[in-house]
Q: 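Mind having a look at this structure? Questions to follow.
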Protein chains: 2
Amino acid sequence: MSSASPTLATPPVKRSFREQMHQAREDAIVAAVNRLLAEKGFEAMTVDEVAAEVGIAKASLYKHFPSKEDLAAAAMVKVMQRAQSFLDGLQARPGLTPLQRLREVARWTMEVQLAGEMPSLPSENSSLRAALAASKPYVDGLMDVSDRLGGWIVEAQADGSLNTSLPPIAVLYTLYARACDPVLGFLKASGQYGTEQIIEMVLSTCFDGLRQR
Amino acid sequence: MSSASPTLATPPVKRSFREQMHQAREDAIVAAVNRLLAEKGFEAMTVDEVAAEVGIAKASLYKHFPSKEDLAAAAMVKVMQRAQSFLDGLQARPGLTPLQRLREVARWTMEVQLAGEMPSLPSENSSLRAALAASKPYVDGLMDVSDRLGGWIVEAQADGSLNTSLPPIAVLYTLYARACDPVLGFLKASGQYGTEQIIEMVLSTCFDGLRQR
DNA sequence: GTCTATACACAGATAGAC
DNA sequence: GTCTATCTGTGTATAGAC
């Protein structure tokens, strides 16, 4: 968004390079936070671990992000952006039915979780909750995603492919919950199934239910 | 299990009374731990909070339980025992089909969770995990519950009421996961539905699936 | 067994040199 | 902006009187 100051003698190229380095460093930080957040959750993750994984001093982290909460919030925003990008890609495929889109979204969240990149959600009274609620990019992203999914949900109910007796918000929350469903980890830990099999099974239980059809 | 020593002059009644007091105190402790475990999880729960809620000094807690992990493990064992008692009650009702039994189990776990009494499961690398794996009562209880549910699952698949393309273990894990499904909390927080409505909706998504039947 | 007081460890955050 | 060194609070656990 910001351009190099024209009054300075330093060439814009150099400033851009430094900004690129800065951005790359922050990306590395956010990626490490994301991974640790998925692995152990916000409370159990320590800033020392983040610093160690990135390979910089802890004090340097605090030059980039003012607190542990902001660190985690940045990772959550990043995940939300990835989700938005995925929805963009889905919307660009006109051949899909609304139900197919919802199914693809669920599949994507499960893939992200099995890749160890889906942060587990903070408990109700966590300090992270306040930070997320105060983060405009996060809240805006969440609302955007919810709106788009909500649109597909009502469309799928209108065309008769989705259970019409469920309120759309219940469907929406059910899809969100699949992103952190521990069933994936349980089945993975059992060692009997590959990631693709696991995802197919959980997708089946989610959309088709446990009862025989 | 233990009886008063016959060589002592103190009447057995008194010893029994003190044991009752002791047991009542421990029950109060476990109940508080259970509630806090459900509310904020193992990492965020502090022993100070437990002591404050029970109304005794922190050091007294450590006379009853040697560590925070043992404290939490005791609460988990208690929950497992409650589950076993519930299964006992279900088995005593011969009129129920296997599918109905499974549905009642899912309903019970959701009721417990909405009552704020279902501890959230520890993350993969938590110190609580090791304590639970080392707790014979817990592991035994978990295996007993799994065996009984597993029996009903294969019965329900045999009588054609449960999806036969799913491995029984996937069904089992799916039921376990419903016990800590965040959807319940989401819907509760939305303020639009009562607990009974919420449970019916989640039961529907679990057994009937999101797709229209 | 219950208490007060305290030891010990560690996590989040900062100071200040470079 | 990065580092080393440090401050500060807090959480688990224990000592020791009663």
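Within every chain, numbering begins at 1; the chains are lettered A, B, ... in the order of the sequence lines, protein sequences first and strands thereafter.
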Q: Given atom CD of B/Glu69 and atom P of D/dT12, what is their separation to the nearest angstrom?
A: 9 Å
Q: Check every strand shown and say whether A/Lys63 touches a base, only sugar-phosphate, or nothing at a heavy-atom separation below 4.0 Å.
A: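 Here A/Lys63 touches the bases of the nucleic acid.
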Q: Is the shortest distance from a Lys or Arg side-chain nitrogen in A/Arg107 or A/Glu200 to a carboxylate oxygen in the other one below 4.0 Å?
A: yes
Q: Taking any heavy-atom pair under 4.0 Å as a contact, classify B/Ser60: base, sugar-phosphate, or nothing.
A: base
Q: Roughly how many Å is it from CG in B/Leu128 to P in D/dG11, rounded to a whole number?
A: 18 Å
Q: In the structure I gave you, are the side-chain heavy atoms of A/Pro119 and A/Asn34 within less than 4.5 Å of one another anywhere?
A: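 SC-SC contact between A/Pro119 and A/Asn34 confirmed.
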Q: Between A/Lys63 and A/Glu26, does at least one N-O distance fall below 4.0 Å, as a salt bridge requires?
A: no
Q: Figure out the CD/P separation between A/Glu49 and C/dC10, and round it to whole Å.
A: 13 Å
Q: Could you check how far CG of B/Leu61 sits from P of C/dT4, rounded to whole Å?
A: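 Taking CG of B/Leu61 and P of C/dT4, I get 13 Å after rounding.
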Q: Tell me the interatomic distance from B/Lys68, atom NZ, to D/dA13, atom C1', rounded to whole angstroms.
A: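 From B/Lys68 NZ to D/dA13 C1': 12 Å.
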Q: To the nearest angstrom, how far is A/Gln20 atom CD from D/dG1 atom P?
A: 14 Å
Q: Of the residues in residues 21-45 of chain A, which ones touch DNA chain D at a heavy-atom distance under 4.0 Å?
A: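 The stretch gives A/His22, A/Arg25 as the residues lying under 4.0 Å from the strand, ordered by number.
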Q: If you measure from the Lys or Arg side-chain nitrogens to the Asp or Glu carboxylate oxygens, is any gap between A/Glu155 and A/Arg101 under 4.0 Å?
A: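 Salt bridge flag = no for A/Arg101 with A/Glu155.
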Q: Expressed as a whole number of angstroms, how long is the span from A/His64:NE2 to D/dC3:C1'?
A: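 Going from A/His64 (NE2) to D/dC3 (C1'), I get 13 Å.
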Q: With a 4.5 Å limit on heavy-atom distance, are the side chains of B/Lys68 and B/Phe42 in contact?
A: yes
Q: Within less than 4.0 Å of OP1 or OP2 of D/dT14, is there a side-chain N or O belonging to B/Tyr62?
A: no
Q: Is there a side-chain contact between A/Arg148 and A/Gln84, using heavy atoms and a 4.5 Å cut-off?
A: yes
Q: With side chain to side chain contact (heavy atoms under 4.5 Å, CB included) as the test, pick out the partner of B/Leu210 among A/Leu102, A/Asn163, A/Thr174.
A: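 One option only clears the test, and that one is A/Thr174.
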Q: Write down the distance between CG (A/Asp48) and P (D/dC7), rounded to a whole number of angstrom.
A: 17 Å
Q: Go through residues 50-59 of chain B and report each residue with a non-hydrogen atom lying under 4.0 Å from DNA chain D, sorted by number.
A: B/Lys58, B/Ala59
Q: Quick one, B/Arg25 with B/Ile56, criterion side chain to side chain contact (heavy atoms under 4.5 Å, CB included). Give me CA distance, side-chain angles, the key distance, then yes/no.
A: CA-CA 10 Å; B/Arg25 182 65 62 97; B/Ile56 64 177; 3.1 Å; yes
Q: Considering only heavy atoms from C-beta outward, does the side chain of B/His64 approach that of B/His22 to under 4.5 Å?
A: yes
